[in-house]
Amino acid sequence: MLTMTSLDAQNQFGTLIDASQRQPVTVTRRGRPVAVVLSYQDYQATMQTIPFHVAALISENYPLRGQDAADSMRLHLSTMSDTAAQEGLTEDTVLRMLNED
């Protein structure tokens, strides 16, 4: 993954945008990563991933409390599990994917 300082990203914005079309670009400030710039196509693909759906689910259910929150989470997670199974995603596949890195 390409890395740019925040000053370079600011001064070379066109270069940053062009580079992000090929690969995600990490932007750093004082040596620490503060942002990632990626193409719109990569962004849309990211929005389709299961971790994003889990984060959205947590955000939706944050105002709920107690049994209401538990019931809502259970319903959403069972729906996600059914969808994953229909698409051929098994627990073994997930574990293999996690261990590839």
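Residue numbers count from 1 along this sequence.
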- Message: Using a 6.0 Å cut-off, check whether atom CD of Gln44 has over 12 heavy atoms from anything other than its own residue.
- Response: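 Result for CD/Gln44: enclosed.
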- Query: Would Leu38 and Tyr40 show up in the same hydrophobic cluster when neighbours are defined by side-chain heavy atoms closer than 4.5 Å?
  - Reply: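 Yes; Tyr40 is reachable from Leu38 via cluster members.
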- Query: Can Val37 be reached from Tyr43 by stepping across I, L, V, M, F, W or Y side chains whose heavy atoms are under 4.5 Å apart?
  - Reply: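 Result: no, two separate clusters.
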Roughly how far, to the nearest 0.5 Å, is the [atom2] atom of [Y] from the [atom1] atom of [X]?
X	Y	atom1	atom2	answer
Gln12	Ile17	CD	CD1	12.5 Å
Met4	Thr26	CE	OG1	11.5 Å
Leu16	Gln10	CG	CD	11.5 Å
Asn11	Thr5	CG	OG1	8.0 Å

For [X] and [Y], work out which heavy atoms get closest and say how close.
X	Y	answer
Gln21	Ser39	OE1-CB, 3.7 Å
Val34	Arg29	CG1-CB, 3.9 Å
Ala9	Val27	CB-CG1, 4.2 Å

- Identify, with sequence neighbours excluded, every residue that meets salt bridge (charged side-chain N to carboxylate O under 4.0 Å, His left out) alongside Asp18.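 Applying salt bridge (charged side-chain N to carboxylate O under 4.0 Å, His left out) to Asp18 gives none.
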